[in-house]
Every structure is written in structure tokens, then in C-alpha cells.
Amino acid sequence: MVRLEDGTELNVLRAGDPDARTTIVLAHGYALDHRSWHKVVDQLSGDFQVIAYDHRGHGGSSKADKESATIEQLGDDLGELIERAVPSGDVVIAGHSMGGMAALAMAERRPRLFRQRVLGIVFVSTAASGLSETSLAWPKSLGKLVRELERAFGPIVRAVREKIEPTKTAGLRWWLFGDEPSDDDVELTADMVWGEWPETVALFRPAVDRYDREAGLTVAQEKAVVAVVGDEDRLVSESDAAKFGGTSVVLPDAGHMLPLERPAEIANLIREVAKA
């Protein structure tokens, strides 16, 4: 755990050499947690120190509230995490979806830290503008009904809910992955999303919807920028990758969950930024 100034504790996974010259910081997407990066961590930990963490309000980190559930706050958290967990050396940030927005917010709100410490950012399945992964809230009407019934009828509805979960997971498979995902990857993603849904999904959705990426992008483009998207991503278009400037990459036969679907390619793009 890394404790921030406001008392929030961020759940942090460290791997690799703590004395490495360059540290890779991995920021996960909306309604996910650090486990979405596990394959990329394995790819990179032999060459770098790697830190994968849970945003506030996600995974094993402290809860968020309406005031702190903002992209700006996540950017501040990322900056403070770097200061506390990586007090020296170079940093490369890879942000998946909402994690990419947090990286932009950090660049905008902590420009001196960004310019002094960060070599570049790899934006993974991140929308350059408009809505993207807030579409994860697609089953909200069903979820509301189930929660209300569960409060009223307890164990009976919990048994019914177990029957509903497989249908929702099948929806995630279509929504977030390419045509032939690994069953293990789908199951892990479902475990992360339904662990955060509906509370975290509802709490952070307004922030993701309204965040203005332009100011952060202006600062981020002072360093190396790589934007990568899958050609079967139903949430972020291929044109979004080009909007970030720098290097844009489209990976074939892949959806939104690139850290799970294409970990070797994502790790190689991070290596290129680190060694540029």
C-alpha cells in the first residue's frame, strides 16, 4: 500500500528490480484493477521496475466518494504515487482507457513533475475525445432491479442473481474483446468489472464522460507519445489513436482489453518508449 497525503491508500503491486534506472507505472481502466496488467508485468519485470496499482475507489485501494471520483483526482493520485513510490529515476506511464485519462490529468496538473521525471506515455485503448468505456454501464437497468429485489428478498434473489451473471459475462465478452478471447481473460475481466459494478461504475461515470483531454494532451505531447488500439475495439475507434499525435498503432484481431489480449505487443511499445 502507498498512503497518500489525504489518507487514501493505493493498493500497489511491485515487480522487477527496485534499483532499475527506469520504472514502468501501469494505470488500469474504468471498473477494472491492477490485475488487468498481469501479463504485461510478467513481460517487463525482467528489464525494469514495474508498478501496477489500483485507482482510488477500485480494487484493493481506499473507497472514493462523489468529490474524489474525478479524473483530475486520479491524475493527482498518479503524481503523488510517483513521488512516493518512485522518488528517483525515469518513469514511463502506460494507461489503459481511463488510466490514460489519469496520465493526461497528471501531465496537465503536475507539469513540472511530468517534464522532470516522465519519459513518455503509452495510451492503450484510450479515447482522445468523447465517450468511451462508460458504455460498460450498459446493464444498469438490470442491475438496479436486481439490487432492489436483493434488498427486499435477500437470499432468494441472490440465487437468481447467480443465474443472471453468466448472461452479463457473455455481454462483456462481446463488448470488450476481439473475436476469439481466452476464457481465462474473459473470466478475469468479469471478476474485475462485477466486483466494481454498479457502485464504482456509477460513481466514476460522470467524471469519465466530462473530462476534457485537450489541456493534458498539450503537455503530454512534449514527451514520447504512443497510442495503441485494437481494430475490433467497440469502445475506442482507430481514429482515436491518431488524435494523440506521436506514434499510433492498430493491433489486428483485438478488442478493448489489449493488456490481456496483446501483452507482448503492449510490452514492446512500452520498452520502445523507455529506451528511446
Audit row: Lys275, Asp90, salt bridge (charged side-chain N to carboxylate O under 4.0 Å, His left out) steps and yes/no: CA-CA 11 Å; Lys275 296 179 178 179; Asp90 296 326; over 6 Å; no

side-chain contact (heavy atoms from CB on, under 4.5 Å) between Trp174 and Arg234: does it pass, once the steps are laid out? CA-CA 9 Å; Trp174 179 85; Arg234 295 177 174 87; 3.3 Å; yes

Side chains of [X] and [Y]: does their closest heavy-atom pair fall under 4.5 Å?
X: Val50; Y: Trp37; result: no
X: Lys39; Y: Asp185; result: yes
X: Tyr30; Y: Arg205; result: yes
X: Asp233; Y: Glu238; result: no
X: Thr189; Y: Trp175; result: no
X: Leu203; Y: Lys66; result: yes
X: Asp179; Y: Glu232; result: yes
X: Leu269; Y: Thr247; result: no

Can a donor-acceptor pair be found, under 3.5 Å and without considering hydrogens, that links the side chain of [X] to the backbone of [Y]?
X: His96; Y: Leu26; answer: no
X: Glu261; Y: Gly255; answer: yes
X: Ser62; Y: Glu9; answer: yes
X: Tyr53; Y: Ala27; answer: no
X: Ser97; Y: Ser125; answer: yes
X: Thr126; Y: Val124; answer: yes

Please enumerate all residues that pass ring pair (Phe, Tyr, Trp, His ring centres under 6.0 Å) together with His58, with sequence neighbours excluded.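 Ring pair (Phe, Tyr, Trp, His ring centres under 6.0 Å) check on His58 returns His28, His55, Phe204.
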
Could you tell me which residues satisfy ring pair (Phe, Tyr, Trp, His ring centres under 6.0 Å) with Phe244, sequence neighbours excluded, listed by chain and number? Phe123

Between [X] and [Y], what is the shortest heavy-atom contact and its length?
X: Thr22; Y: Phe48; result: O-CB, 3.6 Å
X: Ile270; Y: Ala94; result: CD1-CB, 3.7 Å
X: Asp253; Y: Asp231; result: N-OD1, 2.7 Å
X: Asp54; Y: Ser61; result: O-OG, 2.7 Å
X: Val219; Y: Pro111; result: CG1-CB, 4.4 Å
X: Val229; Y: Ser237; result: CG2-O, 4.0 Å

Any link between [X] and [Y] through a network of hydrophobic side chains (Ile, Leu, Val, Met, Phe, Trp, Tyr) touching at under 4.5 Å?
X: Val228; Y: Leu235; answer: no
X: Leu10; Y: Leu13; answer: no
X: Leu258; Y: Leu104; answer: no
X: Val41; Y: Leu44; answer: yes
X: Val25; Y: Leu32; answer: yes

State whether [X] and [Y] are salt-bridged, where the test is any N-O pair (Lys NZ or Arg NE/NH1/NH2 against Asp/Glu carboxylate O) under 4.0 Å.
X: Glu199; Y: Lys63; answer: no
X: Asp65; Y: Arg56; answer: no
X: Arg109; Y: Glu72; answer: no

As a quick check of understanding, evaluate side-chain contact (heavy atoms from CB on, under 4.5 Å) for Val273 and Lys223, giving each step before the final call. CA-CA 9 Å; Val273 173; Lys223 298 296 184 79; over 6 Å; no

Which residue pairs satisfy the ring-ring contact (aromatic ring centres under 6.0 Å, His included) criterion with at least one member in residues 212-241, sequence neighbours excluded? none

Does Gln116, at its CD atom, have more than 12 non-hydrogen atoms belonging to other residues, nucleotides or ligands within less than 6.0 Å? yes

Are there more than 12 heavy atoms of other residues, nucleotides or ligands under 6.0 Å from atom CZ of Arg84?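 Counting neighbours around CZ of Arg84, more than 12 heavy atoms of other residues, nucleotides or ligands fall under 6.0 Å, so yes.
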
Would Gln49 and Arg14 satisfy side-chain contact (heavy atoms from CB on, under 4.5 Å), going step by step from the backbone distance to the final call? CA-CA 7 Å; Gln49 177 178 216; Arg14 291 179 184 263; 2.9 Å; yes

Stepwise, does the side-chain hydrogen bond (donor to acceptor under 3.5 Å, both in side chains) test hold for Asn268 with Glu272? CA-CA 6 Å; Asn268 284 337; Glu272 290 175 9; over 6 Å; no

Please determine whether side-chain contact (heavy atoms from CB on, under 4.5 Å) holds for the pair Asp183 and Arg173, giving the CA-CA distance in whole Å, both sets of side-chain angles, and the decisive distance to 0.1 Å. CA-CA 9 Å; Asp183 288 343; Arg173 175 190 287 267; 2.8 Å; yes

From Lys243 atom NZ to Leu217 atom CG, the distance as rounded to the nearest 0.5 Å: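 These two atoms lie 11.0 Å from each other.
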
Working to the nearest 0.5 angstrom, can you tell me the gap between Glu5 CD and Glu83 CD? 9.5 Å

Against Ile71, only a single residue in Arg210, Met98, Met106, Glu108 fulfils side chain to side chain contact (heavy atoms under 4.5 Å, CB included); can you say which?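 Running side chain to side chain contact (heavy atoms under 4.5 Å, CB included) over Arg210, Met98, Met106, Glu108 with Ile71 returns exactly one hit, Met98.
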
List the steps and the verdict of side-chain hydrogen bond (donor to acceptor under 3.5 Å, both in side chains) for Thr8 and Asp6. CA-CA 6 Å; Thr8 297; Asp6 68 356; 2.9 Å; yes

